[in-house]
Amino acid sequence: MINKPIIYQLFPRWFANYNETRKHNGTKEENGCGRFCDINERALKAIVDLGVTHVWYTGVIRHATAQYNNPAITKGLAGSPYAITDYYDVDPDLAKNESKRMAEFEDLVKRTHDAGLSVIIDFVPNHVSREYKSVCKPAGVEDLGETDHPEWAFSPLNNFYYLPGERFTMDKDLQGYDEYPAKVTGNDCFTSHPGLNDWYETVKLNYGVYYQGGGEKQFDPIPNTWIKMRDILLFWAGKGIDGVRVDMAEMVPVEFFQWAISQVKKKYKKFIFIGECYDPGKYDSYLAAGFDYLYDKVGMYDYLRGVMSKGWGADGITNQWMQHGDERIKHMLYFLENHDEQRLASGFFCGDGHCAEPAMIVVATLNQCPVMIYSGQELGERGMDLEGFGDV
């Protein structure tokens, strides 16, 4: 009997896309796009048959795409699912009827629950798209940045960080995009001229940490961003989802999560929080703040990758789980693939999915840790170069 979460990460955009054109830089019409309605009962039953308990639908919340946003500050035609343009909307590309897109997502949630699966989506609290503007926010909701004072580099009243007197520029044609004053980039790049390898398509959210003032924390009174992001969590919990995978949790102050998670769980007691955190020195504080699970990337994942592709000794696997202790280990999420890592079957990793089977047995059966599978992993998807639209 399964007594721990088995999570299946799934990109609706390509999961149910049967178009095999695969034209480089092709449009959605040319290459196709999966939709919420395509994730049907048959597909969900197949997922259940894998032993899965939770499905993580990736790229649900509306994000910047070249069709709806300036292509110069959108990475790829489909954009990044982590450059959110509207926290209160879903991606129009994923709907059969764009005007009914939220209803179609709600139908998917119900269909998933009816199959016996729990639903997880992304929560991206560290940054948003440079062109963020909610078109679907409920009546009375104040938009991010709506009452900001852009002449102030920092204030806990502001939702963004600004660089007064500087215009946003890049070493590329911005095709008419104008931002003045420039906002700070999502990867904490405090310059008006980010590089092509920066997260230039995003802007950092301000939780009351004055980074340019030595990291001073101004949390009293509660910063405006805290309230808005808590309300966004409650909005999605109200849609019936069962939890969130929190993108780059370690880049957001733990004090916010301690405050927000307690309020969400007060109303939705079983709602789960999975944190993307790569700094072991922060694990205990983020778990204490209310996170149910944290990525074990720099520990178990990195070590198993070393065993599989670098000749490291399997005897070191024991050290990876023992370093957490009996209590923390229950909260570490094991995986061998996700959207940020190279495919097991790729030429960059094992070259053949079968070579990873011993490691999969380890992460699936060792301890009480939850385990995650990335869709296509079970089929040995190679994901080489542009194969399978690996470059979403």
Check your understanding: After noting the C-alpha distance and the side-chain angles of Lys265 and Phe273, does the key distance pass the side-chain contact (heavy atoms from CB on, under 4.5 Å) rule?
Key -> CA-CA 10 Å; Lys265 290 198 173 191; Phe273 287 81; 3.9 Å; yes
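- A salt bridge links Arg13 with Asp93: at least one charged nitrogen is closer than 4.0 Å to a carboxylate oxygen.
- Side-chain contact between Cys277 and Tyr283: present, with at least one pair of heavy atoms (C-beta onward) separated by less than 4.5 Å.
- Checked options Phe256, Phe219, Phe154; the residue passing with Tyr207 is Phe256 (criterion: ring-ring contact (aromatic ring centres under 6.0 Å, His included)).
- Looking only at atom types and distance, the side chain of Asp247 has no donor-acceptor partner in the side chain of Asn126 under 3.5 Å away.
- Cluster membership check: Tyr210 does not share its hydrophobic cluster with Trp152, using side-chain heavy-atom separations under 4.5 Å among Ile, Leu, Val, Met, Phe, Trp and Tyr.
- Under the rule for a side chain to side chain contact (heavy atoms under 4.5 Å, CB included), the partners of Asp171 that lie at least two apart in sequence or sit in another chain are His193.
- Take Tyr180 and apply the ring-ring contact (aromatic ring centres under 6.0 Å, His included) test, not counting sequence neighbours, and it matches no residue.
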Check your understanding: Between Leu44 and Arg111, does a side-chain contact (heavy atoms from CB on, under 4.5 Å) hold up when you go through it step by step?
Key -> CA-CA 8 Å; Leu44 291 168; Arg111 202 158 53 245; 3.8 Å; yes
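- A 4.5 Å side-chain heavy-atom check between Leu94 and Leu108 finds every atom pair outside the cut-off.
- Proximity of a side-chain donor or acceptor of Asn224 to a complementary backbone N or O of Leu157 within less than 3.5 Å is not detected.
- For residues 38-73, every residue pair satisfying the ring pair (Phe, Tyr, Trp, His ring centres under 6.0 Å) rule, not counting sequence neighbours, is listed here: Trp56-His339.
- Of the possible polar contacts, one joining the Asp352 side chain to the His354 backbone as a donor-acceptor pair under 3.5 Å is found.
- Contact between Met248 and Glu276 at its shortest, heavy atoms only, is N-OE1, 2.7 Å.
- Contact check for Asp340 versus Lys297: no side-chain heavy atoms found under the 4.5 Å cut-off.
- In this structure a side-chain-to-backbone donor-acceptor pair under 3.5 Å is missing from Ser346 to Met384.
- Using modelled atom types and a 3.5 Å distance limit, the side chains of Asp296 and His324 yield a donor-acceptor pair.
- For Arg167 and Asp178, the salt-bridge test passes: some basic side-chain N is under 4.0 Å from an acidic carboxylate O.
- With a 4.5 Å cut-off on side-chain heavy atoms, Asp292 and Ile274 do not count as touching.
- Using modelled atom types and a 3.5 Å distance limit, the side chains of Ser99 and Asn97 yield a donor-acceptor pair.
- Aromatic ring pairs are classed by plane angle as parallel below 30°, tilted from 30° to 60° and perpendicular above 60°; the pair Phe11 and Trp14 is tilted.
- The structure places OH of Tyr374 at 15.0 Å from CD1 of Ile7, a figure rounded to the nearest 0.5 Å.
- The ring-ring contact (aromatic ring centres under 6.0 Å, His included) check on Tyr200 picks up nothing, with sequence neighbours excluded.
- Using a distance-only test at 3.5 Å, with no hydrogens or angles considered, no donor-acceptor pair links the side chain of His127 to the main chain of Asp188.
- Classification of Lys45 and Asp49 as a salt-bridged pair holds, one side-chain N sitting under 4.0 Å from a carboxylate O.
- With contacts defined as side-chain heavy-atom distances shorter than 4.5 Å, the pair Val209/Glu255 does not qualify.
- Considering only heavy atoms from C-beta on, Tyr334 comes within 4.5 Å of Ile329 through its side chain.
- For Tyr301, the ring-ring contact (aromatic ring centres under 6.0 Å, His included) test picks out Phe335, with sequence neighbours left out.
- At most 12 heavy atoms of other shown residues, nucleotides or ligands fall within 6.0 angstrom of atom CG in Asn197.
- Remark: the backbone N or O of Gln9 is paired with a side-chain donor or acceptor of Ser375 at under 3.5 angstrom.
- The environment of Glu20 atom CD is sparse: at most 12 non-hydrogen atoms of other residues, nucleotides or ligands sit within 6.0 angstrom.
- Under a hydrophobic-cluster definition in which Ile, Leu, Val, Met, Phe, Trp and Tyr are linked whenever side-chain heavy atoms come within less than 4.5 Å, directly or via other members, Phe235 and Val135 are assigned to different clusters.
- Between the side chains of Glu30 and Thr21, no donor-acceptor pair of N or O atoms lies under 3.5 Å.
- The closest donor-acceptor contact from the side chain of Glu381 to the backbone of Arg343 lies at 3.5 Å or more, if one exists at all.
- Residues Val128 and Phe160 form a side-chain contact, since some pair of their non-hydrogen atoms from C-beta on lies under 4.5 Å apart.
- Put simply, OG on Ser129 and CD1 on Ile73 are 6.0 Å apart, with the number rounded to the nearest 0.5 Å.
- A 6.0 Å sphere centred on CD of Glu142 holds more than 12 heavy atoms belonging to other residues, nucleotides or ligands.
- Tyr87 meets the ring-ring contact (aromatic ring centres under 6.0 Å, His included) test with Tyr132; sequence neighbours excluded.
- Between the CG atom in Asn158 and the CG atom in Leu144 there is a gap of 11.5 Å [rounded to 0.5 Å].
- Cation-pi geometry between Arg305 and Phe349 is met: under 6.0 angstrom from the ring centre, within 45 degrees of the axis.
- Between the side chain of Thr225 and the backbone N or O of Asn206 there is at least one donor-acceptor pair closer than 3.5 Å.
- At a cut-off of 3.5 Å, with distance as the only test, no side-chain donor of Tyr303 or Asn319 sits close to an acceptor on the other residue.
- Side chain of Asp122 to main chain of Thr58: no donor-acceptor pair is present (N/O by atom type, distance under 3.5 Å, no hydrogens or angles).
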Check your understanding: Please walk me through it: do Ser134 and Asp86 pass side-chain hydrogen bond (donor to acceptor under 3.5 Å, both in side chains)?
Key -> CA-CA 4 Å; Ser134 179; Asp86 188 348; 2.6 Å; yes
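- Shown here is Lys172, whose NZ atom has more than 12 heavy atoms of other residues, nucleotides or ligands within 6.0 Å.
- Taking CD1 of Ile120 as the start and CG of Leu10 as the end, the distance is 12.0 Å to the nearest 0.5 Å.
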Practice item. Please assess Val141 against Asp231 for the test side-chain contact (heavy atoms from CB on, under 4.5 Å), listing each intermediate value before the final yes or no. Key: CA-CA 9 Å; Val141 170; Asp231 291 348; over 6 Å; no
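- Contact annotation: the side chain of Tyr295 approaches that of Arg245 to within less than 4.5 Å [non-hydrogen atoms, C-beta and beyond].
- Of the possible donor and acceptor atoms, one in the side chain of Gln323 sits under 3.5 Å from a partner among the backbone N and O of Gln320.
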Review point. What's the verdict on salt bridge (Lys or Arg N to Asp or Glu O under 4.0 Å) for Lys75 and Glu201, showing C-alpha distance, side-chain angles and the deciding distance?
Key: CA-CA 7 Å; Lys75 290 185 177 178; Glu201 80 280 21; 3.3 Å; yes
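- The structure places CZ of Phe271 at 8.5 Å from CG of Leu234, a figure rounded to the nearest 0.5 Å.
- Hydrophobic clustering of Ile, Leu, Val, Met, Phe, Trp and Tyr side chains at less than 4.5 Å, counting indirect connections, keeps Tyr161 apart from Met170.
- Not one N or O on the side chain of Gln258 forms a donor-acceptor pair closer than 3.5 Å with the backbone of Ala289.
- For the pair Arg130 and Tyr177, the cation-pi test (distance below 6.0 Å, angle within 45°) is failed.
- Separation of atoms CD1 (Ile232) and NZ (Lys228) is listed at 9.0 Å; rounding is to 0.5 Å.
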